[in-house]
Amino acid sequence: MDLNLHIIASDIRDLCTQTHILTSYEERTLRYPSFYQEDKPLDPTVLYIIPSGQEISPPPSGQGLSFIFIGEALKRTADTCDHLVVRPDVTAVDLLDRLHEIYSRYQQWENSLQLAVIRCTSLKKIGYISLDIFDNAIQFYNQKTLNCVFAVADPTRHPLPEALPSADQNGYMDEELLLHLKIEHLLTTVALKPMFVERNALELPALMQDIVINDSHVGRIIILQVHKPLDQRDAALLMVLTEHIRLMLLHNPSLYDVHSQYMDSTLSKLIRREPVDDAAVYSVLQLMDWMPEHAFFCMAARLSDRDHNTNSLHMLAALISNATKNNCFLIHDNTLIFVFDLTVSDLTRDAYFKKLLPLLRDNLLKAGISTSFHDFRKLYLYYRQAVIALDTGIRSDPSLWYFRFEDHALEYLASRIYEEEDPLMLCPEPLIRLIRYEQKKDHQYLKILKTYLACNSNISETAKQLYMHRNTLLYRLDRIREILGDTLDRYDTRLLLMLALYIIEPHE
């Protein structure tokens, strides 16, 4: 692992008497330490040790060279190069051994991080791997719900403050603290590079950096100063830790898109129509930066293949969430339940599903969509709409990938009317005649009639829907009219026919 003088200066601060570092902590270019040899060309990727009293040729300016002087820096070199000065009683051999130990330690850490990424281990495991490196508490937050996915520290070495945010075994934070962190605005500050901050609530300095995937802030690493003082070394190493976690999350979105327990429990109660305090509903909206008067709609989605597990659902939920933004979701009864905020996104439902269609199709997901609504407390009603649209739509046209409630409301209403009765009981007598006639002739008269009524008696649209020649359609409609009589001319009878056909046709 390549290092820089910021890291090395911090690790040998017991030996240092002077530091002069012009290069940013973001640059790590030093591959290994070595004794300076005058007969060899200088390499900007090597950290040179200059023993006390040794003379060196003035290096060319602008080469980015790095030195460690024992005893005293050579002034003609010190002004133009990054360097450290260590105590004169330190021998060159002991210093080289110390530096090799430092390089070996960080190389082992990087190897462990790379192995964890390859094995797709847990985020908490990566935290424990890095604990000795930072010697401070390490936390990873879900950036959307401000959920603490892991929080690690060694309480035997340095007890943590009671107010320090922690997580249970599922990675959930306490709901009151969750809201407090939101109000504090610390976690809403952009930190594309390591950023030193003060935690007002805990009175602890902290160092943080965001993890960005596809221009989306998916999480944040926070190093809290509870033992070792934070410095530029920690900033340089935080960049290494952040990059390895980013690589892991890039291929495992389910690791970071865990919703907070508080949000999950509130959404779960709402869709089960259990009592929920208005304050709890408003807290969920606050976590999402939503307002009660916003417009929302609900989506219910299931995998076409029943052979799946919770992890695959979490992966799909993460993909949908990142692709659409401005949403919250819950996995309930092997179904993905999403709520989208139309006001914040400034999109229509159709615009949402234009973006979602490739995801649904590629992952074999079928989705039902509710109508829009403005009262989040009535989520249950629109969750039911979405589920009804999904179940009814799959039965009527399994070739489609999503179904809108308004397109299947009549079919659902018909099924409820007839679910406890013989469907023929409420059929108008003319329709029964048509059913008997079709059973003898098999000319698909019921399908033609249903499509004709659904198309508001539009001949061209009916022919198009049925893939039927216009003249053939007209001939068969005339025959249908002969059997039904004047039934099609009355609005109330047409409505009853539609209700009956929605339930009769699948059974015939």
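- Here Asp407 pairs with Arg404 in a salt bridge; the nearest charged N to carboxylate O distance falls below 4.0 Å.
- Sequence neighbours left out, the pairs with a member in residues 355-371 that pass side-chain hydrogen bond (donor to acceptor under 3.5 Å, both in side chains) are Thr371-Gln385.
- Within the 3.5 Å criterion, the main-chain N or O of Asp341 finds a donor-acceptor partner in the side chain of Ser345.
- No side-chain heavy atom of Ile133 sits under 4.5 Å from any side-chain heavy atom of Leu241.
- With hydrogens and angles left out, the side-chain atoms of Arg470 and Ser460 include a donor and acceptor closer than 3.5 Å.
- A heavy-atom distance below 4.5 Å is not found between the side chains of Ile223 and Gln139.
- Side-chain N/O atoms of Ser268 and Arg272 include a donor and acceptor closer than 3.5 Å.
- Side-chain atoms of Leu449 and Leu484, non-hydrogen and from C-beta on, do get closer than 4.5 Å to each other.
- The shortest side-chain heavy-atom distance between Ile459 and Leu474 falls under the 4.5 Å cut-off.
- Between Thr451 and Gln465, the side chains place no donor N or O within less than 3.5 Å of an acceptor N or O (distance only, hydrogens not considered).
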### Task
Starting from the C-alpha separation in whole Å, work towards a yes-or-no answer on side-chain contact (heavy atoms from CB on, under 4.5 Å) for Ile337 and Ile331.
CA-CA 6 Å; Ile337 310 299; Ile331 298 176; over 6 Å; no

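- Put simply, the side chain of Phe353 does not reach to within 4.5 Å of the side chain of Trp401, judged on heavy atoms.
- With sequence neighbours left out, Ala191 forms a side chain to side chain contact (heavy atoms under 4.5 Å, CB included) with Met195, Met208, Asp210, Arg220.
- If you run ring pair (Phe, Tyr, Trp, His ring centres under 6.0 Å) between Phe297 and each of Phe338, Tyr402, Tyr352, only Tyr352 comes through.
- Contact annotation: the side chain of Leu207 never approaches that of Ile222 to less than 4.5 Å [non-hydrogen atoms, C-beta and beyond].
- Residues satisfying the ring-ring contact (aromatic ring centres under 6.0 Å, His included) criterion with Phe373, sequence neighbours excluded, are Phe296, Tyr382.
- Taking Arg28 as the reference, nothing meets the salt bridge (charged side-chain N to carboxylate O under 4.0 Å, His left out) condition, with sequence neighbours excluded.
- Distance check, rounded to the nearest 0.5 Å: CD1 of Ile211 to NE2 of His244 gives 12.0 Å.
- In this structure the side chain of Phe329 never reaches within 4.5 angstrom of the side chain of Ile320, judged on heavy atoms.
- A salt bridge links Arg349 and Glu406; the closest N-O separation between the charged side-chain nitrogens and carboxylate oxygens is under 4.0 Å.
- In this structure the side chain of Lys269 never reaches within 4.5 angstrom of the side chain of Pro275, judged on heavy atoms.
- For Asn136 and His227, the side-chain atoms include no donor-acceptor pair closer than 3.5 Å.
- The local environment of CG in Asp278 is crowded, with over 12 non-hydrogen atoms from other residues, nucleotides or ligands closer than 6.0 Å.
- Pairs of residues two or more places apart, or lying in two chains, that qualify as salt bridge (Lys or Arg N to Asp or Glu O under 4.0 Å) and include a residue from residues 381-403 are Arg302-Asp391.
- For Phe405, the ring-ring contact (aromatic ring centres under 6.0 Å, His included) criterion is met by no residue, not counting sequence neighbours.
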